[in-house]
Structure formats: structure tokens, C-alpha cells
Amino acid sequence: ALRAALLRTKQMRTADRRKDTTTPTGESRKEWTARIIADEKSKPLEVDRRFIEDYQRDERRAETSLREETERRLVTLRKARERLERRDTARERKKECDRIRKLMAEERRRFDG
């Protein structure tokens, strides 16, 4: 009797598996697919400890990389701003020197003339 019950249980499981794995066609296939997807989404994602540790390590690396890249960009922007300020200062000094030279040339012409 026990053997028969075990055999029937095994046959029922096999029939259930066949029923679950058969894919319907047409409109019911879409419903079946949606049902399978919803069922899978409702289950928790099974991952082992190593996966979690690897994921966390990768996240830390990504954060560090992003922070370093941000710092490099800020340094580059600071240097570019300083170059522009130096260039503007040099341009202003050149204009002032040109103005003074022009005034001196006019003064020389007045005295020589």
C-alpha cells in the first residue's frame, strides 16, 4: 500500500510537471507567459553570500571610481579657469601697455614736432 501511494505521488508530480511545462498557443499563451512572469517576479531572488559580497565590492569600486573621476574633472576645470584668468589678465595688461605706448608715442611726436 505504501509503495502504491509513493508510485501514485510520483505519477502525480510527473503529470503536474508536464502540465506546467506545456506551453499553450495563441491568446492563452500570452496569458500563460504573463502568469509565469508574475509568478517569477513574486519570488525572492535567490543568491548566495559570495554573490552579495561580489556585488557590494563592485559597488564600492564603482563609487570610488566615480569619486576619483569627479575629482579629476574638478581639478581639470579649476586648471582651465586659472588659465583663462591668466590669459584675461595678460590681455588686459597688454591693452594697458599698448595704451601707454600710444600715449608715449603721441607725447614724443609733440615734443619732436
Side-chain angles (χ1 to χ4, degrees):
L2 183 60
R3 186 177 186 145
L6 289 173
L7 185 60
R8 270 184 278 149
T9 303
K10 184 177 180 181
Q11 289 172 345
M12 288 172 61
R13 285 184 184 154
T14 304
D16 285 345
R17 276 195 221 114
R18 283 190 196 129
K19 207 186 311 179
D20 288 344
T21 59
T22 58
T23 57
T25 59
E27 187 62 35
S28 62
R29 181 177 174 88
K30 289 180 184 177
E31 294 169 359
W32 175 79
T33 305
R35 189 174 66 249
I36 295 295
I37 290 171
D39 183 48
E40 288 299 319
K41 283 184 175 180
S42 69
K43 295 177 184 176
L45 182 61
E46 295 179 20
V47 294
D48 60 355
R49 180 179 296 243
R50 182 174 178 173
F51 176 86
I52 292 171
E53 290 168 354
D54 290 345
Y55 180 80
Q56 290 173 339
R57 185 187 67 239
D58 292 344
E59 284 295 306
R60 283 191 303 272
R61 283 182 184 167
E63 286 176 18
T64 301
S65 176
L66 179 61
R67 195 175 7 223
E68 289 171 353
E69 182 179 346
T70 302
E71 185 61 32
R72 276 193 306 272
R73 288 179 183 222
L74 288 173
V75 167
T76 302
L77 287 173
R78 263 187 238 118
K79 287 179 181 178
R81 185 177 1 167
E82 289 170 1
R83 274 193 311 267
L84 285 173
E85 288 173 357
R86 282 193 308 263
R87 200 175 293 157
D88 287 345
T89 302
R91 189 175 296 130
E92 290 299 320
R93 279 196 320 239
K94 184 180 181 320
K95 281 182 184 178
E96 184 64 20
C97 286
D98 289 345
R99 188 182 68 76
I100 292 172
R101 251 188 236 121
K102 187 177 177 183
L103 286 173
M104 288 175 68
E106 289 174 6
E107 289 290 322
R108 216 177 279 141
R109 271 187 249 127
R110 271 196 297 167
F111 285 125
D112 291 340

A.B. asks: Holding to side-chain contact (heavy atoms from CB on, under 4.5 Å), I want the full list of residues that pass it with Glu107, two or more places apart in sequence or in another chain.
C.D. replies: Arg110, Phe111

A.B. asks: Under 4.0 Å between a Lys/Arg side-chain N and an Asp/Glu carboxylate O for Lys94 and Asp98?
C.D. replies: yes

A.B. asks: Transitive ILVMFWY cluster of Ile37 at side-chain heavy atoms under 4.5 Å: who else is in it?
C.D. replies: none

A.B. asks: Only counting residues at least two apart or in another chain, list the ones meeting side-chain contact (heavy atoms from CB on, under 4.5 Å) with Glu46.
C.D. replies: none

A.B. asks: If you count heavy atoms of other groups shown closer than 6.0 angstrom to CZ of Arg50, is the number above 12?
C.D. replies: no

A.B. asks: With sequence neighbours left out, what residues match Glu92 under side-chain contact (heavy atoms from CB on, under 4.5 Å)?
C.D. replies: Lys95

A.B. asks: Under the 4.5 Å side-chain heavy-atom rule for ILVMFWY, direct or indirect, which residues accompany Leu74?
C.D. replies: none

A.B. asks: With sequence neighbours excluded, what pairs up with Leu77 under the side-chain contact (heavy atoms from CB on, under 4.5 Å) test?
C.D. replies: none

A.B. asks: Could you tell me whether the side chain of Arg87 reaches within less than 4.5 Å of the side chain of Leu84, counting heavy atoms only?
C.D. replies: yes

A.B. asks: What pairs with Glu96 under salt bridge (Lys or Arg N to Asp or Glu O under 4.0 Å), at least two apart in sequence or on another chain?
C.D. replies: Arg99

A.B. asks: Is the CZ atom of Arg49 crowded by more than 12 outside heavy atoms at less than 6.0 Å?
C.D. replies: no

A.B. asks: Mind checking salt bridge (Lys or Arg N to Asp or Glu O under 4.0 Å) for Glu40 and listing every partner two or more places apart, or none if nothing turns up?
C.D. replies: Lys43

A.B. asks: Going by side-chain hydrogen bond (donor to acceptor under 3.5 Å, both in side chains), name the residues that satisfy it together with Arg83, two or more places apart in sequence or in a different chain.
C.D. replies: none

A.B. asks: Tell me, please, which residues at least two apart from Asp88 pass salt bridge (Lys or Arg N to Asp or Glu O under 4.0 Å).
C.D. replies: Arg91

A.B. asks: Quick one: side chains of residues 61-72, donor-acceptor pairs under 3.5 Å with protein atoms, not counting sequence neighbours, listed by atom name and distance.
C.D. replies:
from: Thr64; atom 1: OG1; to: Arg60; atom 2: O; distance (Å): 2.9
from: Glu69; atom 1: OE2; to: Arg73; atom 2: NE; distance (Å): 3.3
from: Glu69; atom 1: OE2; to: Arg73; atom 2: NH2; distance (Å): 2.9
from: Thr70; atom 1: OG1; to: Leu66; atom 2: O; distance (Å): 2.8

A.B. asks: Side-chain heavy atoms under 4.5 Å apart, restricted to Ile/Leu/Val/Met/Phe/Trp/Tyr: what other residues fall into the cluster of Val47, or is it alone?
C.D. replies: Leu45, Phe51, Ile52

